[in-house]
Amino acid sequence: MLTLYGEAVESRLLLGTALYPSPAIMADAVRASRCGIVTVSLRREAGAGGAGQQFWSFIRDLGLRILPNTAGCHSVKEAVTTAKMAREVFGTPWIKLEVINDAETLAPDVFGLVEAARILTGEGFQVFPYCTEDLGVAARLIEAGCEVLMPWGAPIGSARGLNNVYGLRSLRAHFPDVPLIVDAGLGLPSHAAAAMELGFDAVLLNTAVAKAGDPVAMADAFARAIEAGRIGFTAGPMEPRDMAAPSTPVLGKAFLE
C-alpha cells in the first residue's frame with residue numbers, strides 16, 4: 001500500500017477536479033477512477049457567485065482525501081500565500097506546490113520551488129512539489145523537507161506521455177525510498193501504465209480524463225491501466241535484449257536428414 005507522509009492510500013491514482021463539463025460528470029469520473037485523493041485549486045473553490053461553495057459541496061460528498069494545489073502561482077510569495085490560505089480552507093497540511101516559470105510550457109521554476117518548499121515545510125506543511133526529473137533539483141527538494149516528489153511526464157495538458165523516460169528511470173533509481181508520483185502530461189492509459197512499469201508509486205491526472213469524450217469511461221480506463229502497470233512492475237519483468245531468444249526449447253527437437 002502507498003504511504004504518503006504517514007498516511008496509507010489504497011489507490012495509486014490521484015485525480016484532478018478541473019475542466020470537467022459539469023460537477024456531476026466530475027463526481028462520476030472520480031468514482032469511476034477509484035482514486036483516494038483528489039486535487040483542488042483554491043481559486044476554483046473560491047469562485048465568484050457562490051460557484052466555489054457548490055463545487056466544494058460536490059468534493060465533500062465524495063468523502064476523499066483533499067490535496068489542495070497552488071496552480072497558477074508564478075512566484076514564491078504567491079505560492080506560499082496560496083498554500084496558507086488553502087490550509088485554512090481545507091483543513092489539511094498537505095499542499096501540492098506549483099511555482100510556474102514559463103507560461104507556454106508551464107514548466108516549474110525549480111529555484112523558486114525549492115525556496116517555497118523550504119518555507120512551507122518550516123511552517124508545518126507536507127509538500128508535494130510539482131517538479132522536473134532533474135536529479136539535483138530532486139535532492140534539494142528532499143533536503144528542504146519534501147518526503148514526496150511529483151516529476152512531470154510532459155508539459156501540463158499536453159497528452160504527450162513520458163517525454164524523458166531515461167530521466168524518469170534515473171530519478172527512480174537514485175531515490176528508491178522516496179514516493180514518486182508522475183504528474184502532468186499523460187494522455188492515454190498506456191502512458192500511465194508505462195509510468196507504473198518504471199516503478200513509480202502513483203500517477204496524478206486531470207486533463208486526460210476531464211477532456212476525454214467520455215470522462216467517466218476514461219477514468220475507469222486509467223484506473224485499470226495503473227493497476228496493471230503496478231502489477232507488471234512488482235511481478236519482475238524480464239530484461240530487454242538485442243537478439244531473439246527461442247521461447248520453445250530445442251532439446252528433443254527432431255532432426256531430419
Side-chain angles (χ1 to χ4, degrees), residues 1-9 11-16 35-39 65-71 73 76 79-80 83 86 92-101 105-156 161-186 191-192 194-206 226 229-230 233:
M1 184 176 292
L2 177 61
T3 301
L4 303 172
Y5 286 104
E7 297 284 341
V9 181
S11 174
R12 294 178 181 271
L13 170 57
L14 292 73
L15 195 62
C35 69
I37 300 171
V38 291
T39 62
R65 184 71 187 249
I66 304 297
L67 176 60
N69 65 54
T70 63
C73 292
V76 172
V80 169
T92 176
W94 281 16
I95 191 71
K96 179 192 170 190
L97 179 61
E98 297 183 28
V99 183
I100 300 301
N101 175 57
T105 64
L106 298 180
D109 174 356
V110 295
F111 300 103
L113 185 66
V114 172
E115 182 181 350
R118 184 172 288 110
I119 293 170
L120 290 173
T121 55
E123 297 194 18
F125 282 88
Q126 295 171 333
V127 179
F128 294 67
Y130 162 63
C131 59
T132 67
E133 66 276 22
D134 184 274
L135 298 178
V137 172
R140 283 162 177 75
L141 286 168
I142 293 170
E143 291 170 2
C146 298
E147 297 180 14
V148 178
L149 299 178
M150 304 183 74
W152 64 350
I156 294 171
L162 306 180
N163 270 357
N164 185 0
V165 173
Y166 171 80
L168 291 171
R169 185 180 288 117
S170 296
L171 187 68
R172 177 73 285 175
H174 277 75
F175 302 100
D177 300 321
V178 176
L180 301 178
I181 302 172
V182 171
D183 174 20
L186 306 188
H191 297 159
M196 300 305 293
E197 289 167 357
L198 287 175
F200 281 78
D201 297 283
V203 166
L204 192 154
L205 305 163
N206 191 167
I226 289 169
R230 178 64 182 179
F233 171 72

Should Leu97 and Phe125 count as side-chain neighbours, where that means a heavy-atom distance under 4.5 Å? no
Validation row: Leu204, Thr39 side chains within 4.5 angstrom (heavy atoms): yes
Could I get the full list of salt bridge (Lys or Arg N to Asp or Glu O under 4.0 Å) partners for Glu133, not counting sequence neighbours? none
Would you call the rings of Tyr5 and Trp94 parallel, tilted or perpendicular, where under 30° means parallel and over 60° means perpendicular? tilted
Which residues pass the salt bridge (Lys or Arg N to Asp or Glu O under 4.0 Å) test with Glu7, not counting sequence neighbours? Arg65
Are Val99 and Thr70 packed together at the side-chain level, in the sense that at least one heavy-atom pair is separated by less than 4.5 angstrom? no
So how far is it from Tyr130 OH to Ile100 CD1, rounded to the nearest 0.5 Å? 5.5 Å
Validation row: Leu149, Pro129 side chains within 4.5 angstrom (heavy atoms): yes
Could you tell me whether the side chain of Pro155 reaches within less than 4.5 Å of the side chain of Asn163, counting heavy atoms only? yes
Less than 4.5 Å apart, side chain to side chain, heavy atoms only: is that true for Val203 and Leu14? no
Set of residues satisfying salt bridge (Lys or Arg N to Asp or Glu O under 4.0 Å) with respect to Glu197, sequence neighbours excluded: none
CZ of Arg118 to CG of Leu113: how many Å apart, nearest 0.5 Å? 11.0 Å
